[in-house]
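Working notes for the structure below.
Keep in mind that what you see is a predicted model, and the values were worked out from it rather than measured.
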Amino acid sequence: MNQGNSQHKLDVSEKLLILLVDDNDALNFLHKKLCAINLPDAEVISFENGRLALDYLNRNSKFLEKQEVLILLDIRMPVMDGWSFLKEIVGGGLSAQHSIVMLTSSTSKLDREKAMSYPFVMGYLEKPLRGFQLQELADALNKVHRN
């Protein structure tokens, strides 16, 4: 599938907000570029830890109720790691509003199982993110909105 065709299928990208939650600046830069190529109408914001992302979600909760939010979440970060972020999301009642995909360097089967035990976690991907994976995520979000 070429880029031109993939961009025409991404109707959810017109209102999609992608939050990159990862302390690796180089990967955030790469992932922002991939998003710009594959989801050119999506807004992308990066946070270096879960606390900053959670604060953003809480401050903007009313606005974000009307917007599709995809959170690409690392597991191991300083200040607040991915596991603590997931617990806070559940405790704060934000889990039903947002789609979360774990994007991590962890290849642990236990990490994968733990992540997928959260009903609002829609996937577990190993870094780095690839363009075709963004397409698959957008397609999955589109299917959810059609139902």
Side-chain heavy atoms of D23 within contact of P78, under 4.5 Å: yes
L64 side chain near Y56 side chain, heavy-atom distance below 4.5 Å: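 Side chain of L64 against side chain of Y56, heavy atoms only: contact under 4.5 Å found.
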Closest heavy-atom contact between [X] and [Y]?
X    : Y    : result
N49  : L52  : OD1-N, 2.9 Å
G131 : L34  : N-CD2, 4.0 Å
M116 : V121 : CE-O, 3.7 Å
S106 : D111 : OG-OD2, 2.5 Å
C35  : V44  : CB-CG2, 3.6 Å
Y124 : A115 : CD1-CB, 3.7 Å

In plain terms, say whether [X] and [Y] are close enough for a salt bridge, that is, a side-chain N and a carboxylate O under 4.0 Å apart.
X    : Y    : answer
K32  : D25  : no
D55  : R51  : yes
E126 : R112 : yes

Path from L20 to V79 over hydrophobic side-chain contacts below 4.5 Å: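 No; tracing contacts between hydrophobic side chains, which count when under 4.5 Å, never links both residues.
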Transitive ILVMFWY side-chain link F132 to L72, under 4.5 Å: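 No; tracing contacts between hydrophobic side chains, which count when under 4.5 Å, never links both residues.
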Neighbour count >12 (heavy atoms, 6.0 Å) for atom CZ, F29: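 Result for CZ/F29: open.
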Atom CD of Q133: over 12 foreign heavy atoms under 6.0 Å: yes
For the atom pair [atom1] ([X]) and [atom2] ([Y]), what is the distance rounded to the nearest 0.5 Å?
X    : Y    : atom1 : atom2 : value
T104 : I75  : OG1   : CD1   : 4.0 Å
L125 : L73  : CG    : CG    : 11.5 Å
Q67  : L17  : CD    : CG    : 5.0 Å
L19  : L57  : CG    : CG    : 5.5 Å
D74  : F85  : CG    : CZ    : 12.0 Å
Q135 : R130 : CD    : CZ    : 16.0 Å

Modelled atom types, side-chain donor and acceptor of D81 and S84, under 3.5 Å: yes
Option among R76, H31, K127 that satisfies the side-chain hydrogen bond (donor to acceptor under 3.5 Å, both in side chains) test with D22: K127
Ring geometry between Y118 and W83 (parallel below 30°, tilted from 30 to 60°, perpendicular above 60°): parallel
Under 3.5 Å donor-acceptor, E113 side chain and L110 backbone: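 Looks like no, no N/O pair under 3.5 Å.
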Side-chain donor or acceptor of N60 paired with backbone N/O of F63 under 3.5 Å: no
Residue from L39, L137, I45, V69 passing side-chain contact (heavy atoms from CB on, under 4.5 Å) with I18: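 So the option named by the test is L39.
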M102/I100 under side chain to side chain contact (heavy atoms under 4.5 Å, CB included): CA gap, chis, key distance, verdict: CA-CA 7 Å; M102 306 305 289; I100 299 177; 4.2 Å; yes
